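Encoded as structure tokens, the structure appears first; notes follow it.
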Number of protein chains: 2
Amino acid sequence: MAPASIGLSPPRCAMALSGQANYARPVTAHGTDRPLPLSVDRTSPVPLYFQLAQQLEAAVEQGRLAPGALLGNEIDLAARLGLSRPTVRQAIQSLVDKGLMVRRRGVGTQVVHSKVRRPLELSSLYDDLEAAGQRPATSVLRNTTEPATAEVAAALGVAEGSEVHLVERLRSAHGEPMALLRNHLPPGLLPLVTEELEATGLYRLMRASGVTLHSARQSVGARAADDRQARALAEPVGAPLLTMERTTYDDSGRAVEFGSHVYRAERYAFEFQLLVRA
Amino acid sequence: MAPASIGLSPPRCAMALSGQANYARPVTAHGTDRPLPLSVDRTSPVPLYFQLAQQLEAAVEQGRLAPGALLGNEIDLAARLGLSRPTVRQAIQSLVDKGLMVRRRGVGTQVVHSKVRRPLELSSLYDDLEAAGQRPATSVLRNTTEPATAEVAAALGVAEGSEVHLVERLRSAHGEPMALLRNHLPPGLLPLVTEELEATGLYRLMRASGVTLHSARQSVGARAADDRQARALAEPVGAPLLTMERTTYDDSGRAVEFGSHVYRAERYAFEFQLLVRA
DNA sequence: GTCAAGCGTTTGTCCTGACAAATGGCCCCC
DNA sequence: GGGGGCCATTTGTCAGGACAAACGCTTGAC
């Protein structure tokens with residue numbers, strides 16, 4: 001309706017990531033004034049805008065493009081690279097969407113003043129604390145089917161009482177238990193082999209089975225450890241735990257997973273970054 | 001480097017929102033086959049692509065575009081509206097970015113199969129549980145300056161020991177305490193009037209003072225309530241609390257706020273939605 | 001000295017046109 | 001009847017041009 005109503009601007013978060021990765025990178029390399037070496041390969045199957053975006057992103061990452069530095073106007077940039085302006089704009093826009101750059105009409109495009117640099121190109125939800133060098137270990141506690149409770153049925157969109165898969169895992173890092181993971185999956189979605197579940201993450205298995213993950217709803221809270229949780233996680237009963245419930249959907253809108261997880265508060269925290277969208 | 005490396009796809013979250021809003025909307029209105037009434041107003045200052053995007057979004061919202069429904073090809077749509085294809089694409093792309101639609105080459109664009117529909121056009125971080133009908137109340141416990149501790153100094157990018165603002169607030173809803181909010185701000189950013197702080201949220205005040213919020217880093221965890229927290233929140237000592245630490249940056253990369261908050265686990269949870277970006 | 005108007009610069013929006021690549025269904029052949 | 005190849009459809013990518021709107025600086029007036 002109204003042109004620029006925007007009362008409060010809805011934040012858009014660039015990524016949610018795993019536990020306790022705290023990379024305070026200094027990056028004091030300031031901007032040189034020589035024009036950034038940029039080039040595109042027209043024989044490559046990689047889209048031109050994507051090539052450019054990657055190069056710019058790498059330049060920001062390595063400090064060759066200093067925070068606050070102007071990018072130079074799009075027309076010249078396009079001419080220099082032998083590209084059209086829309087292509088250059090598409091490249092820059094993707095970086096703006098990632099929160100790496102800010103555009104200002106009449107001023108130019110500048111690199112966002114660092115510090116915000118995204119924590120990592122983090123990806124899957126937590127089976128990739130592996131990427132943080134945590135060497136995760138998983139032990140499968142249960143891997144069966146059971147009748148869906150009302151809560152699970154509602155989340156997965158199946159009939160209450162119908163059989164669904166249940167996987168319960170204990171995830172450890174450095175030999176210490178970190179989280180207790182309960183997942184319910186609709187029947188017949190993919191074969192759940194205990195050995196595979198102990199070797200890798202659930203999301204990777206799902207993707208490998210051709211499931212196209214699309215979105216997820218999460219709810220993060222806290223609770224006191226009950227008896228069973230305390231035993232599994234080697235915490236005293238009543239210890240504060242971080243809880244996460246998540247329903248994941250695929251492309252077609254099917255719910256493909258309902259997870260109900262608890263983490264040891266001492267050893268885990270969710271870190272993520274929000275962008276305020278224009 | 002590689003064209004479509006994408007190992008694991010980094011999720012991108014559409015928004016983070018407030019507490020305990022659970023709107024399970026049925027929306028069983030299925031797709032009619034009559035062509036959606038769409039039109040654009042070329043005399044309006046609102047960009048054409050934005051007009052179109054809004055209309056499509058409204059149609060999805062109201063169920064006039066059923067989940068899974070094909071949108072019809074872009075060429076025809078453009079012709080029907082008297083627009084060019086790039087403009088139509090820009091409109092659709094913005095909805096794809098929001099997670100409302102999925103494009104498939106050779107197939108078309110379809111509305112994502114509901115259920116995922118975003119929880120609300122949520123916005124500010126939590127002073128808008130007001131929007132959830134919670135009628136929040138804030139009481140300011142402290143509003144002073146104090147020397148920055150090492151942690152605060154690092155977060156705000158000021159010298160350790162230099163004076164920074166400190167605001168401590170207790171936020172309640174329905175007369176019950178919900179959260180204890182501690183915020184540190186760099187000196188001179190904006191005047192912090194106790195009366196204003198009790199009447200509205202910190203973010204709104206900052207925006208009203210011309211601060212352009214850009215991004216934030218958050219860390220969410222859990223802990224047991226200490227003495228002081230327990231008293232303020234009317235919980236027993238040792239009760240599980242949900243904790244959140246956040247550093248917020250403006251356009252220029254300046255840190256404009258460092259918050260350290262605790263929430264009653266019984267009364268509060270973070271809900272948000274992640275999108276897996278292509 | 002201060003404030004306002006003007007101007008160049010840069011991004012925002014929009015158009016037309018074209019070819020490439022992926023998908024899915026149809027048809028033909030075996 | 002089943003399988004493979006062809007083809008129409010649809011989105012993905014890219015070019016080149018045009019005008020509008022916003023910003024910042026400079027110039028000019030008071």
Side-chain angles (χ1 to χ4, degrees), chain A residues 3-4 6 38-54 56 68-97 100-112 210 212 251-252 277-278, chain B residues 3-4 6 38-54 56 68-97 100-112 210 212 251-252 277-278:
Chain A
I6 315 178
L38 294 171
S39 65
V40 292
D41 174 10
R42 300 195 89 103
T43 69
S44 162
V46 181
L48 300 177
Y49 78 90
F50 195 77
Q51 291 184 37
L52 178 54
Q54 277 190 321
L56 290 174
L70 269 309
L71 199 55
N73 75 53
E74 299 167 349
I75 317 268
D76 290 350
L77 200 54
R80 186 145 70 84
L81 287 165
L83 297 174
S84 69
R85 184 156 86 111
T87 303
V88 172
R89 273 184 71 78
Q90 192 174 2
I92 295 177
Q93 189 58 48
S94 71
L95 299 179
V96 171
D97 286 341
L100 271 85
M101 297 189 176
V102 181
R103 328 179 79 141
R104 249 187 276 254
R105 197 187 297 204
V107 178
T109 304
Q110 43 187 333
V111 179
V112 75
T212 57
D251 253 12
S252 67
R277 78 166 174 196
Chain B
I6 314 178
L38 294 171
S39 64
V40 292
D41 174 10
R42 299 194 89 103
T43 69
S44 163
V46 180
L48 301 178
Y49 78 90
F50 195 78
Q51 292 184 37
L52 178 54
Q54 277 190 321
L56 290 174
L70 269 309
L71 199 56
N73 75 55
E74 299 168 349
I75 317 268
D76 291 350
L77 200 54
R80 187 145 70 83
L81 287 164
L83 298 174
S84 69
R85 185 156 86 108
T87 303
V88 172
R89 274 183 70 78
Q90 191 175 2
I92 296 177
Q93 187 59 48
S94 71
L95 299 179
V96 171
D97 287 342
L100 271 86
M101 297 189 176
V102 180
R103 328 179 78 140
R104 251 186 274 255
R105 197 187 296 203
V107 179
T109 304
Q110 43 187 335
V111 179
V112 77
T212 58
D251 253 11
S252 67
R277 79 166 173 197

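Numbers restart at 1 for each chain; the letters A, B, ... are given by sequence-line order, proteins then strands. Remember, it's a predicted structure, so these values are computed and weren't measured experimentally.
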### Message
So, using side chain to side chain contact (heavy atoms under 4.5 Å, CB included) as the criterion, who are the partners of A:Asn73 when residues are at least two apart?
### Response
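For A:Asn73 the side chain to side chain contact (heavy atoms under 4.5 Å, CB included) partners, ignoring immediate neighbours, are A:Ile75, A:Asp76.
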### Query
First and last nucleotide of DNA chain D touching chain B, 5' to 3', heavy-atom cut-off 4.0 Å?
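Boundary nucleotides touching chain B, in 5' to 3' order, are D:dT9 to D:dT13.
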### Query
Rounded to the nearest Å, what distance is computed from the CE atom of residue A:Met101 to the C1' atom of nucleotide C:dT10?
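After rounding, the gap between these two atoms is 16 Å.
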### Message
Tell me the interatomic distance from A:Leu77, atom CG, to C:dT9, atom P, rounded to whole angstroms.
### Response
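Answer to the nearest Å: 18 Å.
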Report all side-chain donor-acceptor pairs from residues 102-110 of chain A shorter than 3.5 Å, counting only partners two or more places apart or in another chain.
unit_1   : atom_1 : unit_2   : atom_2 : d
A:Arg103 : NH1    : A:Gln93  : OE1    : 2.8
A:Arg103 : NH2    : A:Glu74  : OE2    : 2.3
A:Arg104 : NH1    : B:Asp251 : OD2    : 3.2

Nearest 0.5 angstrom please: [X] [atom1] to [Y] [atom2], how far?
X: B:Leu83; Y: B:Leu38; atom1: CG; atom2: CG; answer: 10.0 Å
X: A:Phe50; Y: A:Gln90; atom1: CZ; atom2: CD; answer: 11.0 Å
X: B:Leu95; Y: B:Gln54; atom1: CG; atom2: CD; answer: 10.0 Å
X: A:Leu52; Y: A:Ile92; atom1: CG; atom2: CD1; answer: 7.0 Å

Sequence neighbours left out, cut at 3.5 Å: what donor-acceptor pairs do the side chains of residues 39-47 of chain A make with other protein atoms?
unit_1  : atom_1 : unit_2  : atom_2 : d
A:Asp41 : OD1    : A:Thr43 : N      : 2.9
A:Asp41 : OD1    : A:Thr43 : OG1    : 2.7
A:Asp41 : OD2    : A:Thr43 : OG1    : 3.3
A:Arg42 : NH1    : A:Gly82 : O      : 3.2
A:Ser44 : OG     : A:Val46 : N      : 2.9

Nucleotide N/O of nucleotides 11-14 of chain C paired with protein N/O under 3.5 Å:
unit_1 : atom_1 : unit_2   : atom_2 : d
C:dT11 : OP2    : A:Glu74  : N      : 3.0
C:dG12 : OP2    : A:Arg89  : NH1    : 2.8
C:dG12 : OP2    : A:Arg89  : NH2    : 2.9
C:dG12 : OP2    : A:Arg103 : NE     : 3.0
C:dG12 : O4'    : A:Arg105 : NH2    : 3.3
C:dG12 : N7     : A:Arg85  : NH2    : 3.4
C:dG12 : O6     : A:Arg85  : NH2    : 2.8
C:dT13 : OP1    : B:Tyr49  : OH     : 3.2
C:dT13 : O4     : A:Arg85  : NH2    : 3.0
C:dC14 : OP1    : B:Leu48  : N      : 2.3
C:dC14 : OP2    : B:Leu48  : N      : 3.4
C:dC14 : OP2    : B:Tyr49  : N      : 3.3

### Query
Which heavy atom in B:Ser94 sits nearest to a heavy atom in B:Ala53, and how many Å separate them?
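For B:Ser94 and B:Ala53, the tightest heavy-atom pair comes out as OG-CB, 3.5 Å.
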